[in-house]
Amino acid sequence: MSTFIPRPGAAALPRQVLAQARMEARLMLRNGEQLLLAVVIPVIVLVGGVTAGEHLSLSLDTSRPLVDTFTPGVIALAVMSTSFTSLAIATGFERRYGVIKRLGSSPLPRSGLLAGKVLALLIVQLLQIVVIGGVAQLLGWTPEPGVLGVGLAIVFGTAAFASLGLFVAGVLRAEATLAAANLIYLLLLAGGGIVLPLSAYGAAGDVVRWLPSGALGEAMRVGFIDGGVAWRDLGVLLIWAVIGSVLTARTFKWE
Amino acid sequence: MPAPVDPSDLAVSVDGLVMRYADKVAVDRLSLTVVRGTITAVLGPNGAGKTTTLETCEGYRRPQQGAVRVLGLDPVRERRDLLPRIGVMLQGGGAWSGVRAMEMLDHIARLHAHPLDTAMLSDRLGLGDCGRTPYRRLSGGQQQRLALAMAIVGRPEIVFVDEPTAGMDPQARRTTWELLDELRADGVTVVLTTHYMDEAERLADQIHIIDRGSLIASGSPLELTRGGTHATIRLVVTRPFPPGSPELLSTTLGPETQVTQLDDVSLVITGPADASTLAKVSAWCEANGVLPESLTLGQRNLEDVFLQLTGRGLAP
């Protein structure tokens, strides 16, 4: 029986992109450290922040419960952890292990690989939002989200952080990427205006809002709390996305 | 002089290829062709420029000088048209560390329009037992076989395999060789690099021997090893040769022979295969106080061909 008779051909591009996205999302969710970053840390920040805040009678905004202000910031944190830290680490090791080189000789074009990666990020982020939102509702979260504001915050935030993550993964070795991506994540978590609103930073808030983390946090809060669209913060994210894309395009090596 | 080949029968043509890294010339005006439907081996020691040549055919590298065509296409400019039609087996790596073997193979299959049945393929390559094993826990040989499976799962017209059996046990090597034979029987062109002469002799219809980036010989295994009246004499002695021995021996034996010292105690003589040459070698040993441990006369193999052409051994 003849089995190997040539019959070459690429699968339709959407099918390839979908296959790539499924594969990457599965690998991301299978990896313990990535899962810690994606779900466990945000949930701890959420539960810890809300319970400690209530215990201390802390109030960020006197007109509504703490959980309403806190949850959008934690969702923003989750988006940042996936599209920046997880993506940078995964891509760094893909370069190291020759995965990107291998895929480079498959029918999947570079644009398809990039699209697959972005789609995988969005799938994982959707799962993160479901989990974090579920926990937040147990804590009494009553969101009034605006679909446009939240949707644009996720898309622009993903674009900004993913382009910066690819930049880091493209210029550093895999281990250095691992260290740098985690360090930047921690610094932005602590002082980047992502979880806590800018009002909590006092005068420094004027600087923090120009960071991609501050802009994403604000855009998410405006989208979830007021149902509005934070055009100015979305603009800041767009600028970061352009900066990240230009840096990546100039420096990234697929191998 | 071999019969001219119709250009449309060529799967690969490399013409005057030059590739440099920093100040090192990796490929130096290399020209070679691969006829469709054959197994063609590119044989040479490590660092000869085999992988660079292959990666230029695969479109990973742009020729610095010269031209490369694969299935009539430019591998860089017409990469998107070419890629679905070729299969590539890289030298090591190429999979996520946490991906399961079958998951990886299925993924590559999904990128193609008419892939092979992955269960059949993994069975054929003896990967059935490790289908659920994460890539990082596969043995070197299993990783090699998975890489080969990924190269052919898309049913390509031509496969490029870089050192396909490096690190494999003898059983896996035989399985791999049988599979490559079968690919050829079904009309797939196979281009492989190797530094194992037995692999090239066993598999290839055509062998290109390259050294230091240049083609030094081409032909079928038979054409290359058919030395006519020539043969190889190997001389191994008990104590290191006195200095200048190869030159002295060469003078004794005359201009028809070539003497190459392999190490302190062994050398190879290529030349007329007759009793008189053997007698002269014995006499030379006696006259120079050298005690032979073994003196053997043998048919040339590819190793000898390489040795004769370069004055060096093929082994890495």
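What you are looking at is a predicted structure, and each value in this text was computed from that prediction instead of being measured. Numbers restart at 1 for each chain; the letters A, B, ... are given by sequence-line order, proteins then strands. What's counted below: heavy atoms across the whole structure, side chains too, no hydrogens, waters or symmetry copies.
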task = Could you tell me which portion of B:E58 (side chain, backbone, both or neither) has an atom closer than 4.5 angstrom to a non-hydrogen atom of chain A?
result = neither

request  = Locate the shortest heavy-atom distance separating B:G187 from A:P6; write the atom from each residue and the value.
outcome  = O-CG, 4.1 Å

inquiry  = So which atom in A:F4 and which in B:V188 form the shortest heavy-atom distance, rounded to 0.1 Å?
reply    = O-CG2, 3.4 Å

query = Which region of A:R7, side chain (C-beta onward) or backbone (N, CA, C, O), has a non-hydrogen atom less than 4.5 Å from a non-hydrogen atom of chain B, or is it both or neither?
reply = both

task = Could you tell me which portion of B:L121 (side chain, backbone, both or neither) has an atom closer than 4.5 angstrom to a non-hydrogen atom of chain A?
result = side chain

ask   = Shortest non-hydrogen contact from A:T3 to B:M120?
value = CG2-CE, 3.9 Å

task = Measure distances from B:L111 to the heavy atoms of chain A and classify the residue's part below 4.5 Å as side chain, backbone, both or neither.
result = both

ask   = Does any heavy atom of chain A fall under 4.5 Å from the side chain of B:R100, the backbone, both, or neither of them?
value = both

key: A:Y97 versus B:S97, closest heavy-atom pair with distance   = CE1-CB, 3.7 Å

message = Is any side-chain heavy atom of B:H107 closer than 4.5 Å to one of A:R22?
response = no

key: Region of B:R85 in contact with chain A, defined by heavy-atom distances below 4.5 Å   = both

request  = Report the distance from atom CE of B:M150 to atom CZ of A:R102, rounding to the nearest 0.5 Å.
outcome  = 5.0 Å

query = Charged N to carboxylate O under 4.0 angstrom, B:E103 versus A:R30?
reply = yes

